[in-house]
Number of protein chains: 2
Amino acid sequence: MSVRLDELDRKILAELQRDGAQSLDEIATQVGSSKTPVWNRIRKMKESGVIRQQTVLLDAEALGLEACFFVLIRTSEHEKHWQDAFLRALHERPEVMEAHRLAGDIDYILKVRVPNARAYDVFYQALISEVKIHNVTALLSMEEIKHTTMLPL
Amino acid sequence: MSVRLDELDRKILAELQRDGAQSLDEIATQVGSSKTPVWNRIRKMKESGVIRQQTVLLDAEALGLEACFFVLIRTSEHEKHWQDAFLRALHERPEVMEAHRLAGDIDYILKVRVPNARAYDVFYQALISEVKIHNVTALLSMEEIKHTTMLPL
DNA sequence: CTTGAAAGTGTGCATGC
DNA sequence: GCATGCACACTTTCAAG
């Protein structure tokens, strides 16, 4: 899975993470190189999947998504059939921003963004009606202290 | 905080979230409009902060960041002085991808990305030596089932 | 909103270091 | 490998209808 990257590659990635709208010339200047090598390296990193996607980050509050919950899930079901249904439900629902399978006594954690607490309840009721879940704890975020997509290089 | 957006604005945002590298012409075609109105709306949404950042998403595993922890924190300290120090520590550490202040008996949740479990321990020891923390539970992610930055519009 | 035009950028190639 | 220059098509940006 891991790919070999040198200092220059990492500098380029850092610039792209910081601002993905920069021109090749700007990036080349920032990293102390020139257009051709920067362009070739970016192309390779896109092909190899190190760079997965170019996107914009939106302001959730400005869009009226004012509630964020972390959902801790314990299940008694561990068969493949159940898991498939559960994963499908997570992928289908756009309010599920993130989902992880965990080690330990909590089986899954979700991050869910919705307009308000009522919308969370609608989501929750729909989810438990689709798949059997043993135990759920919802943690309500009062304040997003930090949120970054910039991976440490 | 909330901004009024019409159908066209939302379609534009959906396209930008899906692929932030598209040209104005492509977006205009996708949303059934033309370059100038699309350009004006994007400019306004950048100014108003609805569009916060343009960036690239990298593959954490390919970069050797193979461990992801959710950290549940209870604290006994609730004075401003303590909180300032804690927030500063979180902002300074690049491995902290996300941090929320919660309602309920758990005070904070963090999402931390590191190369391996050893690196998490280094982070953890450094954090508790900097600020006093009452109780910590770390949840280790075995598998990232879903991870999206695309907000539901 | 549409047209259109000027300035800037991405992409690719060719040269020599 | 890298820097530089060049070329063309495409894109952004913005003024005027």
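The structure displayed is predicted, hence computed values, not measured ones. Proteins come first, then strands; the chains are lettered A, B, ... in the order of their sequence lines, and each starts at number 1.
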* To do: Figure out the CG/P separation between A:D25 and D:dG5, and round it to whole Å.
  => 12 Å

* To do: Whole angstrom is fine here: how far is it from NZ in B:K46 over to C1' in D:dT12?
  => 10 Å

* To do: Scan B:S23 against the nucleic acid and name what it touches under 4.0 Å (heavy atoms): base, sugar-phosphate only, or nothing.
  => sugar-phosphate

* Base C:dT3 paired with B:S34 side chain (donor-acceptor, <3.5 Å) -> no

* **Separation of D:dC2 C1' from A:K44 NZ (nearest whole Å)** => 12 Å

* Would A:E47 and A:R43 pass as an ion pair if we require N to O under 4.0 Å? -> yes

* Asked: Are the charged groups of A:E98 and A:K111 less than 4.0 angstrom apart, N to O?
  -> no

* Asked: What does A:P37 touch in the nucleic acid at a heavy-atom separation under 4.0 angstrom: a base, only the sugar-phosphate, or nothing?
  -> sugar-phosphate

* To do: For D:dT12, take OP1 and OP2 only and decide whether either is under 4.0 Å from a side-chain N or O of B:W39.
  => no

* Please state how far atom NZ in A:K35 lies from atom P in D:dG1, giving the value in whole angstrom units. => 20 Å

* Asked: Can you tell which of D:dC2, C:dT2, D:dG1 lies closest to the side chain of A:R41?
  -> D:dC2

* For B:E26 and C:dG10, what is the distance between atoms CD and P respectively, to the nearest whole Å? -> 14 Å

* At under 4.0 Å, does any side-chain N or O of B:T36 touch on OP1 or OP2 of C:dT3? -> no

* To do: Scan A:R43 against the nucleic acid and name what it touches under 4.0 Å (heavy atoms): base, sugar-phosphate only, or nothing.
  => nothing

* **Note, A:K146 side chain near B:H91 side chain (heavy atom, < 4.5 Å)** => yes

* Gap between atoms CG and P, on B:L24 and C:dG8 respectively (whole Å) -> 17 Å

* Nearest-Å distance for atom pair CD1/P, residues B:I27 and D:dC10 -> 17 Å

* Asked: Do the charged groups of B:E15 and B:R18 touch, with an N to O distance under 4.0 Å?
  -> yes

* Are A:K80 and A:D84 within salt-bridge range, i.e. N to O under 4.0 Å? -> yes

* Asked: How many Å lie between CG on A:L8 and P on D:dG1, as a whole number?
  -> 12 Å

